[in-house]
Amino acid sequence: MADTQERTVAKLAKQICGFAKQHGGAEGQVAYIGERGARIVLVGEDGGWGDLVAPTYEIAQQAVEKAGITVHEDFDGEFAAKVKTGPYEWSRMAGIQVGGPSNP
């Protein structure tokens, strides 16, 4: 079990480092999402963003620590303001708010 956990941590840390390299650095936030585990939200220095899901909160914490990124307690304030969104994200958010794209 410990070997599997270590491999999962290493794989997530490698993905986090790859994201950071592609975006000129990265910061993150870990959020518990229930039985599914924990979500690692990443925000690059260029405003790009993405996320990963870890099977447990503990594994997510270990992965961000191993990757060496700054981790925020909450996704708000200056950290959230770094996210750059485009037309796609705005249309998706608007679609969710008004019931989806099939809603006239």
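- Residues Leu52 and Leu42 meet the side-chain proximity criterion, which asks for heavy atoms closer than 4.5 Å.
- Residues Glu65 and Gln61 have side chains that never bring a donor and an acceptor to within less than 3.5 angstrom of each other.
- In terms of heavy-atom proximity, Ala38 sits nearest to Ile33 at N-CG1, 3.8 Å.
- Both Tyr32 and Val30 are assigned to one and the same hydrophobic cluster, defined by single-linkage of ILVMFWY side chains at heavy-atom distances under 4.5 Å.
- Hydrophobic clustering, with ILVMFWY side chains joined whenever heavy atoms are under 4.5 angstrom apart, keeps Val43 apart from Phe19.
- Nearest heavy-atom pair, Ala67 versus Ala13, reported as atom, atom and distance to 0.1 Å: CB-O, 4.0 Å.
- Counting heavy atoms from C-beta outward, Ile69 and Glu27 have side chains that stay 4.5 Å or more apart.
- Val53 and Val71 sit in two unconnected hydrophobic clusters of ILVMFWY residues. Membership requires side-chain heavy atoms under 4.5 Å apart, directly or through other members.
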If you apply the rule side-chain contact (heavy atoms from CB on, under 4.5 Å), what do you find for Val83 with Phe75, and how did you get there?
CA-CA 10 Å; Val83 174; Phe75 191 79; 3.7 Å; yes
In sequence, state the C-alpha distance, the side-chain angles, and the governing distance for Val9 and Lys66, and then conclude on side-chain contact (heavy atoms from CB on, under 4.5 Å).
CA-CA 8 Å; Val9 167; Lys66 184 176 182 86; 4.0 Å; yes
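- In this structure the side chain of Ile40 reaches within 4.5 angstrom of the side chain of Ile16, judged on heavy atoms.
- In this structure, the side chain of Asp74 does not engage the main chain of Asp76 through any donor-acceptor pair within 3.5 Å.
- Taking CD from Gln5 and OG1 from Thr56, the interatomic distance works out to 6.0 Å, rounded to the nearest 0.5 Å.
- Note: His72 and Phe79 have parallel aromatic rings, judged against thresholds of 30 and 60 degrees for the angle between ring planes.
- Using a 4.5 Å cut-off on side-chain heavy atoms (C-beta onward), Val41 and Trp49 make no contact.
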